[in-house]
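Just so we're on the same page: letters track the sequence lines, and every chain starts at 1.
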Amino acid sequence: MSDRLLGGLVLVALFVGGLALGFGEDDEFAPMSAPATPTRLVVPSLDLRAPVVPVRLDDDGVLDPPDDERVVGWWQGSRRPGAEGGQTVLTGHTVHDGGGVMDRLGRLDAGERIALGTEAGRVVYEVERTETLTKAELAAANKEIFAQDHGGNRLVLITCTGWDGQDFTENVVVYAEQLGLRKQTAKRTV
Amino acid sequence: MLRRPRPLLVAGLAALVVGAPVAAYADGVTSRSDATALTVAVADNGQDSGTVTATYDGQESVSGETTPAIPSGGFVELGVLTQQATATNGRSAACAGVAGAGGGVVQIGDGSCLTPGDTVSGSLTDLSLDGLGLEAPPTDELPPELVDALEPVLEGADQLDAVRDQVDAAIDQVRGPLEEQFGELGLVARFDAIEGRCTVDDGQPSGSASIANAGVVLVGGGQTLPVVSLPANPPPNTEVVTDLSDVLDVLLGAVSTQLQVGLDGALADVDEAVVAQLREQLVAGVRDNLEDQLAPLEENLLRITLNEQTRPTSDSIRVTALHAQVLPAAAEAIDAPLVDARVGAVGCGPADRVVSEAAPAPEPEAAPPPAAQPRIPTAVSAGVAGERDEQGLGLLPWLTLAVGAGAAGAAGWSALRRHRA
């Protein structure tokens with residue numbers, strides 16, 4: 001029994017250690033010198049690794065993710081990482097019975113890290129907060145979430161939630177502060 | 001439609017683009033980009049893939065063919081050409097390039113617009129074995145020290161002609177194995193994909209090029225010898241230097257080996273040291289001839305520039321992923337036409353954010369005009385619902401399995417349509 005317990009502890013240690021390899025506390029970051037288009041989103045704690053493509057608003061002001069449920073959309077009207085101010089807005093699908101790229105976005109907690117792949121390198125963010133808004137609340141708060149005259153080049157991730165059997169009634173919004181370009185000091189998992 | 005800027009934005013632009021006009025251009029265009037996948041000019045004849053141009057004057061307008069047909073009559077077989085451009089308020093981007101058969105086109109904006117395909121190759125120049133100097137030097141041109149060495153062996157200079165006959169026979173024996181080893185020799189440029197990209201965002205231009213599996217190789221007799229490997233992500237304005245020393249080494253090694261075998265057989269009766277000296281003499285002649293043939297390339301008269309970048313203005317950029325030129329001196333030396341080829345040429349910017357024309361100062365009492373707000377989302381439609389549960393179709397596979405129609409059930413399951421929430 002004690003052997004099993006020891007084995008379990010080793011597995012847990014390996015697992016936790018493996019996660020720590022993703023983003024070490026001693027990671028060093030450099031400021032971005034120029035804007036760079038996001039091409040890939042990596043959220044280790046959600047096991048989310050997906051390509052990023054640009055998307056636009058439709059005529060009704062609705063932001064639609066890419067058709068492919070495994071691909072993340074970068075709203076072209078938002079800033080690119082490294083731009084002066086503003087915020088980078090990404091959105092991806094939630095599929096209520098699984099398979100959407102952002103199915104588990106609402107599980108992100110403050111302090112967890114997110115990486116955006118760009119031509120300039122991998123830009124790392126730290127989650128500030130996660131909130132859930134009804135559709136009406138999101139419409140009312142759209143300047144705070146989407147406008148580009150504030151934000152300090154933070155990252156905003158949005159998807160749907162609140163499946164009521166027929167429709168999604170809410171949005172999950174994650175705000176993350178940019179830490180900078182991660183310096184290439186060692187091989188990392190993200 | 002022109003939108004009124006926020007004061008903060010105007011101040012930011014003024015700081016970034018000192019002295020540049022922030023109002024729309026005369027034609028109303030504030031943002032632009034263009035992309036040309038391929039331009040090849042051979043002598044006076046040029047052909048290109050056309051150009052895609054994007055402009056923004058309140059609305060984006062894109063003209064040109066984004067996946068043009070492959071130009072006919074080229075010296076290489078290309079698989080895919082793509083050239084894409086976009087221009088929006090305050091941002092422009094373009095991407096263009098070529099890939100081999102099987103390559104794919106990706107929507108612009110994700111950092112790339114091409115996926116590599118099969119390798120494309122095109123001959124730069126042929127090397128002739130006949131021109132390598134594989135013939136016996138005239139006896140009266142042999143260096144004095146070699147003649148001095150031969151004379152005591154052959155008991156008199158009058159027998160040197162006999163030696164020459166033996167050398168000729170030996171060289172004939174050498175030429176056959178060399179041709180068998182190398183066949184038709186040629187220097188070949190090859191690549192899987194070449195692509196140039198540029199963007200201007202917030203007045204800051206940037207550009208890059210990516211080159212997949214590209215280089216120059218020596219081919220012949222089924223062999224391939226790398227000569228130059230091109231970097232996958234070259235820094236701006238990378239000049240490619242064609243270092244052909246490896247080619248020389250390989251050819252000279254083969255010639256030397258064959259000469260040793262051939263001469264040792266034909267001149268078995270001649271002193272070994274003399275044969276060695278004669279062999280060295282012949283190899284030196286081959287080296288001279290090879291270097292003459294390769295000189296135009298070795299001296300960089302074939303000019304290849306990767307990720308060629310220019311800045312026409314502080315807020316615009318032009319990028320050409322690969323620019324190859326056969327310069328006039330080289331063209332004359334290798335009897336080739338003048339060639340100027342550009343792959344993946346793009347231009348971005350200027351890309352200003354639209355601001356209103358300078359207007360007279362308002363009357364103090366006048367109320368400020370209502371400021372148009374930037375267009376931002378009011379909703380995010382990011383939910384997708386499977387239909388199977390709510391329509392009771394979750395039991396379908398089990399039911400179909402139960403009646404032994406597994407295949408039909410699987411098809412029905414995979415064909416379930418989804419709808420957006």
Inset, instruction - Determine whether more than 12 heavy atoms belonging to other residues, nucleotides or ligands lie under 6.0 Å from atom CZ of Arg70(A). - result: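 12 or below, so no.
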So which heavy atom on [X] is nearest to which on [Y], and how close?
{"X": "His93(A)", "Y": "Ser381(B)", "result": "CE1-O, 4.0 Å"}
{"X": "Val380(B)", "Y": "Phe146(A)", "result": "CG2-CZ, 3.7 Å"}
{"X": "Cys160(A)", "Y": "Ala382(B)", "result": "SG-N, 3.1 Å"}

Which one wins on heavy-atom pair count under 4.5 Å against chain B: [options]?
{"options": "Thr161(A), Asp58(A), Thr94(A)", "answer": "Thr94(A)"}
{"options": "Pro35(A), Pro51(A), Gly73(A)", "answer": "Pro35(A)"}
{"options": "Asp103(A), Thr169(A), Asn171(A)", "answer": "Asn171(A)"}
{"options": "Gly85(A), Ala36(A), Gly92(A), Ser78(A)", "answer": "Gly92(A)"}
{"options": "Val89(A), Thr118(A), Ile158(A)", "answer": "Ile158(A)"}

In terms of heavy-atom proximity below 4.5 Å to chain B, should [X] be classed as side chain, backbone, both, or neither?
{"X": "Asp60(A)", "answer": "backbone"}
{"X": "Thr91(A)", "answer": "side chain"}
{"X": "Arg56(A)", "answer": "side chain"}

Legend entry - Atom pair CD1 (Ile145(A)) and CD1 (Ile376(B)), whose distance is rounded to the nearest 0.5 Å: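 That separation rounds to 9.0 Å.
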Inset, instruction - Using only heavy-atom distances, determine whether the side chains of Arg91(B) and Thr37(A) contain a donor-acceptor pair under 3.5 Å. - result: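 The answer is yes; a qualifying pair exists.
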Inset, instruction - Please determine, among Thr378(B), Thr199(B), Thr88(B), the option with the most heavy-atom pairs under 4.5 Å with chain A. - result: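 Of the candidates given, the most pairs with chain A belong to Thr378(B).
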